[in-house]
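The block underneath contains the structure these notes are about, expressed in structure tokens.
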Amino acid sequence: MSLLTLRRNFFNVHVITTTKIYRENCLNEAKTEGKSELIPSIKFRHSCLLRNQRCIAAYLYDRLLRIRALRWEYGSVLPTTIRFHMCAEEMEWFNQYKKSLATYMRSIGGEEGLDITQDMKPPKSLYIEVRCLKDHGEFEIDDGTVILLKKNSQHFLPRWKCEQLIRQGVLEHVIS
Amino acid sequence: MDLQSYMPVPPGIRMEENFFSLDDILLSHERLPCRTESAFPRLGFLEKSSETRDIPEMPLWLAKGLYERKRQVLSVELPKVYREEWRTVFGADPIVVDLHKMGPYYYGLGSQMLHFDSPENPEIANTILQTFIGRFRRTMDSSQNAYNEDTSALVERLDCLERSLFRAGQSGLNGFQLWEKGRSSHLTASSLVINYRKRKIADLQA
């Protein structure tokens, strides 16, 4: 379920083919005045055009749906490997989506807004035990203390700080 | 329950197709036997070696695009599975039939066939409905009771609609089991992230 690089040259071929087919259709139409023999052929070509259009539109739309899912899974900043697979327009779309989501989150829940990407599963406690799965460097929590996240180290941290990192696979929630 | 951030466009209901649904696009790729009633001038490149100017099989999207009730351009024949003989088989015992082999989109294609105004339409519609009713119980039962085991034997003979129902049942079952074990508040890495990581390692090795 991963996003692969957008196949640009495929689109260029499609545009060329579409233009050819369309011109053929126009040519035929110009000759049909009163004769309806050529209509089946015109319909045939038109169906082909619609079919190509549908496939491409669905491909692009599906990519957008996956990019939208990335915002909810990875957070606002995407890793470079994923950004590499997205084209400039999709990056632009992602930024706009982020902005809309942020505006919405600010508007609900009183003054500071409500982060709805948090607490995806019902919380049972304020602090949770986590184990580090890989080196992530230093991590600062609200009261100022800095924690070094080294592989296999275990910490007792506030839930809202860790949730993002757990979802990204950096930390692991430990239940005793 | 597995948190779904990626929600693909579902297939259409009844006789409608969803434009963006990937399932519906694959469905409309299925070929139907048909007869062309009028000639298609200037499309000679389609005629391979046969003398008759006939396109014997067309994908569904093309058949739908060319079909017209009033003008005699195309007449679509029913595929084997929707004909009289198979209808009696489904009537006798729907559960034993391997619907995946009979065309993985039995229900979807059947619903789309109703567009072509065949005189047998009411019977086809009725057969599809009764088949679904007959098979549903088995599908639901197996999806709710197969926990943590290999389900390939159960899923083999189901068509695509039934498979998606099976998956939904399994997801509900897994969610319930997690809740029973008290692990519903256990935070986990998202499946998307895990898959990306797997792919990255595969890329590195390639």
Side-chain angles (χ1 to χ4, degrees), chain A residues 1-4 24 27-28 36-51 53-55 57-62 65-74 79 81-82 117 119-125 128 130 133 159 162-163 165-175, chain B residues 1 3-9 17-26 28-29 36-44 46 55 58-68 71-74 178-179 181-200 202-203:
Chain A
M1 213 172 67
S2 39
L3 212 63
L4 299 174
E24 184 88 35
L27 209 64
N28 280 348
S36 53
E37 301 170 343
L38 292 173
I39 289 188
S41 306
I42 295 179
K43 282 193 91 174
F44 187 96
R45 289 194 204 98
H46 194 65
S47 308
C48 296
L49 289 178
L50 289 177
R51 175 68 175 178
Q53 187 188 47
R54 180 183 183 186
C55 292
Y59 170 62
L60 292 174
Y61 189 68
D62 193 64
L65 289 178
R66 287 173 198 263
I67 293 174
R68 184 177 71 174
L70 289 177
R71 168 63 184 89
W72 290 87
E73 300 291 332
Y74 270 100
T81 37
I82 296 183
T117 58
D119 291 334
M120 295 291 218
K121 295 192 182 170
K124 296 283 190 214
S125 55
I128 51 173
V130 290
L133 292 176
R159 188 200 163 88
C162 313
E163 195 165 347
L165 290 173
I166 295 178
R167 215 180 297 146
Q168 289 172 4
V170 174
L171 298 176
E172 183 189 18
H173 186 185
V174 177
I175 300 185
Chain B
M1 294 272 263
L3 296 164
Q4 283 279 38
S5 324
Y6 166 64
M7 288 167 287
V9 182
E17 280 188 65
N18 276 343
F19 187 80
F20 286 122
S21 160
L22 297 175
D23 276 321
D24 275 341
I25 292 181
L26 288 172
S28 50
H29 209 64
T36 49
E37 307 284 348
S38 66
F40 287 86
R42 297 176 195 224
L43 289 179
L46 290 171
I55 313 170
M58 282 194 180
L60 178 70
W61 57 266
L62 192 53
K64 271 176 93 170
L66 291 174
Y67 182 77
E68 247 182 282
R71 237 186 285 220
Q72 281 295 309
V73 181
L74 198 69
L178 275 181
W179 176 79
K181 292 182 194 166
R183 293 180 70 100
S184 59
S185 53
H186 182 222
L187 300 170
T188 46
S190 80
S191 45
L192 231 74
V193 175
I194 298 177
N195 285 341
Y196 273 117
R197 202 167 292 161
K198 279 189 201 154
R199 184 167 272 270
K200 211 167 108 178
D203 280 337

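Throughout, protein chains are lettered first and strands after them, A, B, ... in sequence-line order, and every chain is numbered starting at 1.
- Contacts with chain A were tallied for B/Ser28, B/Pro59, B/Gly182; B/Ser28 has the most, counting heavy-atom pairs under 4.5 Å.
- The side-chain heavy atoms of B/Glu68 and B/Leu74, taken from C-beta on, include no pair separated by under 4.5 Å.
- Only the side chain of A/Arg159 comes within contact range of chain B, with at least one heavy atom under 4.5 Å from a heavy atom of that chain.
- Between A/His173 and A/Lys121 the shortest side-chain heavy-atom distance does not fall below 4.5 Å.
- The contact between B/Asn18 and chain A is made entirely by backbone atoms, counting heavy-atom distances below 4.5 Å.
- Around atom OH of A/Tyr61, no more than 12 heavy atoms belonging to other residues, nucleotides or ligands sit under 6.0 Å away.
- When all heavy atoms are compared, the tightest approach of B/Pro8 to A/Leu65 is CA-CD1, 4.0 Å.
- Contact annotation for B/Leu22: only side-chain heavy atoms (C-beta onward) come within less than 4.5 Å of a heavy atom of chain A.
- Comparing A/Glu163, A/Glu172, A/Arg51 by how many heavy-atom pairs each has under 4.5 Å with chain B, the most go to A/Arg51.
- The parts of A/Cys48 that come within reach of chain B are both its backbone and its side chain, each placing non-hydrogen atoms under 4.5 angstrom from that chain.
- Contact annotation for A/Ile128: only side-chain heavy atoms (C-beta onward) come within less than 4.5 Å of a heavy atom of chain B.
- Contact record, B/Leu66 with A/Phe44: CD2-N, 3.6 Å, taken as the closest heavy-atom pair.
- Contact annotation for A/Arg68: only side-chain heavy atoms (C-beta onward) come within less than 4.5 Å of a heavy atom of chain B.
- A 4.5 Å side-chain heavy-atom check between A/Ile82 and A/Arg66 finds every atom pair outside the cut-off.
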